Every structure is written in structure tokens, then in C-alpha cells.
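Whatever order the structure lists them in is the order used to number ligands and atoms, beginning at 1. None of the values given here were measured: they were computed from a predicted structure.
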Amino acid sequence: MDSLIGILQRIASEAIRDAFESNIEDIAQFLPAEVTQSTQDKFGHYQCNSALKLAKALRQNPRNVASELIEKLKSISEKDSFIEAMEIAGPGFINITLKKNYIADQLNKQLNDPHLGVAKPKIKQKIIVEFSSPNIAKELHVGHLRSTIIGESLARLFEFLGHDVVRLNHVGDWGTQFGMLIAFLKTYQKDVLSGKKTPELSDLMSWYKESKKLFDADADFKKTAQLEVIDLQAKSEESINAWNRICDISRAAFKEIYNLLDVTITERGESFYSAKLKGVVEDLEKKELIVEDQGAKCIFLDGFVSKDKKPLPMIIQKSDGGFNYSTTDMAALIHRVEEEKADRVIYVVDAGQSLHFQMVFKAAEKAGYFNPQKKQFNHVEFGVVLGSDGKKFKTRSGETEKLIDLLSTAVSKAKELLKDKLSDVSEEELDKSAEILGIDAVKYADLSCHRLKDYVFSYDRMLKFEGNTAAFLLYAYVRIQSIKKKTGKDVNALMKSAKISLSHQTELSLGLHLCRFEESLMQIDKELLPNRLSDYLFQLAEKFHAFFRDCRVEGVDEEDSRLLLCELTARVLKTGLHILGLKTLDRM
Ligand code: ARG
């Protein structure tokens, strides 16, 4: 099914070609036509803005050009007759109003399409979404939580659109820190390594800190730790067992969070690429991209300078022979292009690492590992989570912030809120609903703010029933379920015998918004901003409430049509929320 904007863009492009091809040499630069959604109802439904640019090239008055375009548009669209009115506005915009019946036809098609009118892609892409990526034996912080929530949602979007999606967890599971930790555990926590004792991730974190202190203070310990690194790199059995044990303990903690968040992800940590690093450095040397600087092998790239304006090195091999974060990312990039055959790779990592990714992408391009014309590499960066004091978010316990506690708090607060509303359900059912609302609230609070901005974490705000919150959207869905129940009609049967038609103004406004579902998803495909979808859904819920205020559903002549409109609203809401990673409730 074509989107309204797509249809209008097509006929407007045809009109531009027909009208001006003979007068403008390079007509292609004006194609496709510029069509946007109208910002206000009084400006019609869509707007074509091409006349202004065309007028410049033609050296004509833009309003005259607009009027010529309108004539062409009229003759092209005549046979389909879906345009109600066209009007010139301001300096030469064309406001387009569509026929009600045409919008209703679109809605009927959308309702009967299991994919809700969203077209499958012309070219199916292989898209890797790398997200979450916490570090073993280190703190899993709210930054990783943001990455997890945003990444899961982008993965779901591309899956829904019909692409081939691979979700990767680039866990920090390799590096010199493991030498220290293994040396420490061997001396002080033998039972942990043998498997007799299973500690929590927070214990592991504090041992990691202790081992680091020892490393800096105690020369003997330092030596032992360094030998452990060599052992690990040589993959000695004992070392690998110890390393696996440490990873497993961390993994269990990550898994608990992914389960609660309903996140699916494949772990492919830094260690996966460890055997490839040497080859990467050799290849870069062969391509003459490496410059030695104070013993380290570096890549220098045009335009990248430090604060004091000195060329900024990307260190690919340290002077002691060790490899770096960047080396692993180069190896991962090559693997994703060459082995995985990805068309697009998305890295969901905090904005603090933006320079790193710019340099990795640029260096890889220079080395010929990918052609930016053919493949897309996107760093999807995001801002930090702030506490109510405006500082970086920390739980009361300070640095050993446990994400799982944060999520559990949201769930128990949600339970408090639902207790009265669901007084007649079993404890088990109440817990289930509370988990959905609590987790939805945390996710939605994150996804609904522009990801580049910092946002303040507030349980109270995220759990409000009014405003742009998860609960407000869930409530619209719940309301529709109860209307359906009240009428006692089987909607699936009704779909075969009845149709949506639009009469009231708020009904039309809801209908038009439903038709724009695909348009809003396409926008995220381009900008990778999940808040475009949350904004769309928030408006959908608002438009639904306005419709419901103005238009009776039950017991009127329009009952069947309106019930179907409600059903379509519920389906779009549920699907949109699913793409954001949220579940719906049938009652609340
Ligand atoms: N483990 C890293 C961290 O916690 C994030 C990894 C991001 N991904 C990457 N390909 N470098 O900061």
C-alpha cells in the first residue's frame, strides 16, 4: 500500500515534469517533488513546496508557478479524484486537502492488511544493530540501559519494516583487566574460580577495583597479573576457565535485566575478534596508513585534531604491543562487512564515544573496508540520564548502582498505582500488569525524549497517567478494549460486513493520522530517532480521546464504522508500542 505522502509526491513529480521539463534544463534536481504533512488542520492535509524553488529557476513569480502546478495536478489526479481542494498559500505553497472518502478507503485497506498498510521494502537490507554492550566485571550503568532500550527499539523497527536484522551485544570481555582480576581471584577467592562459590556482579566489581589498587601498589602482584594476561592471550586452559567463570557471573546479571526488559540479543564480545587484531594491523600497515608515534602504531586522519590543535592519533597498537579498543572496532567492522555482508550497521553507544566512531568509520573508509556510497555506518549516540539534582544519575547507594534495583522500583511503584484500579484481580495478575506498566514506563520515558538530549530520571513523572507517558497510551488502548466489549460485537466478523466511513471532524482527524503510520516509521528509518514514533503515538492517543469525546460509538447509526475505526486505532497503537518495545494491557 502506498502512503498518502508517497502518492502525492508521485503525482506532484509528474506534474512538475509535465509542466516545466521544456523550460528547465536539469529538471531532475527538482524531483521528487517536495511534499510535507501540513502543520495545522487549517492548511489542509499536505503541502507541496516545490513552486518556490522552481520559480527561482524559471525567474517567475512563485504564486504563478504554483497555480500552473495546480492545474497540472488537477488534470493528473482527475481520474483518481482523491483531491478535494488545492489552494495557494503564502509565497507559493500549495495546500492540498484530500477527500474524506478517499481517506476512508485508505483506512479500510489498512485495517484489512496484517501489516497495517506499511509497505515491505523494495530492497531487503541486512542490518546489524549493535547495542547494550556492557563490560564484564564492570558496572552496568544507565548508559547501557539507554543503549539497550534504544537499540531494541531500532531492531524491532527494522524487523517490522521487513529487513534482515542481527542484534549484537559487543560486550567488553577482553583486555588487560582480566589479568589483574584472575590473579586476584587465584589468590583471594579460590572458591569462586573453582565454582564452589557464586558471587554477585557487585562483588566482582569490587574485587576488580581491589585488584587494580594492588596492581598499582604491589610490584609482585603486577608481575603476576601481567603473566596472567600472557597466559590468557595464549589461551591456556586454566586461564580460559577462569575467564569464562568471570564472564558467566557477569552474564547472569545481564541476563536478568534483558529478561525483565524483554530484550533479545546475541552476545559477540570483543574477545571474538581477538585473533584477528594482528592481521588488521598488518593490513593497515600494508596500506600505508600507519605512522609510528612514540613507539605506538597510529592512524592520523585529516580534520581530527586535539584541543591544542595537534593531529589526533587513533592508536591501533600500543608501544608495548597490546591492541586497543579501536583495533577491535576495526576488526569488528571488517567482519560485519566481509563475513556478515551487512548493508547497514548501527552502533547504539553514548555520545561520549562519538569521536571514536567518527575516526573508526573514517579510517575504515580510507582503508577501503567499505564504500560509504554503498553501505551505511551510523553511530546512534545519546545523551546522559540525570538525577533530580541535575547531575549524572546515581542511585542512593552511589556508584555500585544496580540497574535491576532501578527497574524493580519502577515495577513496585506501578503496582501501587494499579492496586486500586485492578482491585478484583489475583495477586499474580496484578504483578504481571505491574511489571508491564513499570517497564513500559521506564522505556517510554527514555524513548519519548529526543535521544541526543540528556533527560531527568523521575519515577513520578514516568508513571503519570496524563501527558506523554506510557500509561496515557496504554489507557487509550484499554479504553478501546472496553468499548469493544460493551458493544458485544465480533470485530473480525464485522470487518467482512462493514466499512469505515468518516463524518465528524475529529473522526476525520483521527483517520488521517492513522493513515500516516507508515510516514512516521519511514522518518525513524532515516533519522533513527524513536521519539518520532512516540510523538506519533501520543498524538494518536490524543486524537482518539478527542474523537471519543465528540463521537458516540455505541448505539448510533455509525456504530459499526466507528467500532472499526477504534479497532484500527488499537492495532496501530499496539504495533507502534511493540516497535518501541512496550507491551499493552487489556485492563488498567
Ligand atoms: N563496552 C563499551 C562501553 O561500555 C561499549 C562498546 C560499544 N561498541 C563498540 N563497538 N565500541 O563503553
Quiz item: Do Ser133 and ligand 1 have an N or O pair less than 3.5 Å apart?
Solution: yes
Quiz prompt | Intermediate values then yes/no, salt bridge (Lys or Arg N to Asp or Glu O under 4.0 Å), Lys255 and Glu267 | solution = CA-CA 11 Å; Lys255 201 160 175 232; Glu267 184 179 324; over 6 Å; no
Quiz item: Does NZ belonging to Lys287 count more than 12 external heavy atoms closer than 6.0 Å?
Solution: yes
Quiz item: Counting from 1, what ligand 1 atoms have a heavy atom of His144 closer than 4.0 Å?
Solution: 3 (C), 4 (O)
Self-check item: Residues Thr327, Asn324; criterion side-chain contact (heavy atoms from CB on, under 4.5 Å); working and verdict
Solution: CA-CA 5 Å; Thr327 330; Asn324 251 357; 3.6 Å; yes
Quiz item: How close does the nearest protein non-hydrogen atom get to atom 6 (C) of ligand 1, and which residue and atom is it?
Solution: Tyr325 OH, 3.2 Å
Quiz item: Between Asp329 and ligand 1, does any nitrogen or oxygen pair lie at a separation below 3.5 Å?
Solution: yes
Exercise. Using a 4.0 Å heavy-atom threshold (strictly under), name the region of Tyr273 that reaches ligand 1: side chain, backbone, both or neither.
Key: neither
Quiz prompt | Distance filter under 4.0 Å to Asn135 heavy atoms, resulting ligand 1 atoms | solution = 1 (N), 2 (C), 3 (C), 4 (O)
Self-check item: Subset of ligand 1 atoms that lie under 4.0 Å from at least one heavy atom of Glu130
Solution: 7 (C), 8 (N), 9 (C), 10 (N)
Practice problem: Could you tell me which atoms of ligand 1, counted from 1 in the order shown, lie closer than 4.0 angstrom to a heavy atom of Gln353? | Solution: 3 (C), 12 (O)
Quiz item: Regarding Tyr273 and Asp329, is there a side-chain donor-to-acceptor distance under 3.5 Å anywhere?
Solution: no
Self-check item: Interatomic distance, Phe377 atom CZ to Lys362 atom NZ [nearest 0.5 angstrom]
Solution: 13.0 Å
Practice problem: Not counting sequence neighbours, which residues clear side-chain contact (heavy atoms from CB on, under 4.5 Å) with Leu157? List them please. | Solution: Leu161, Leu521, Ile524, Ile579
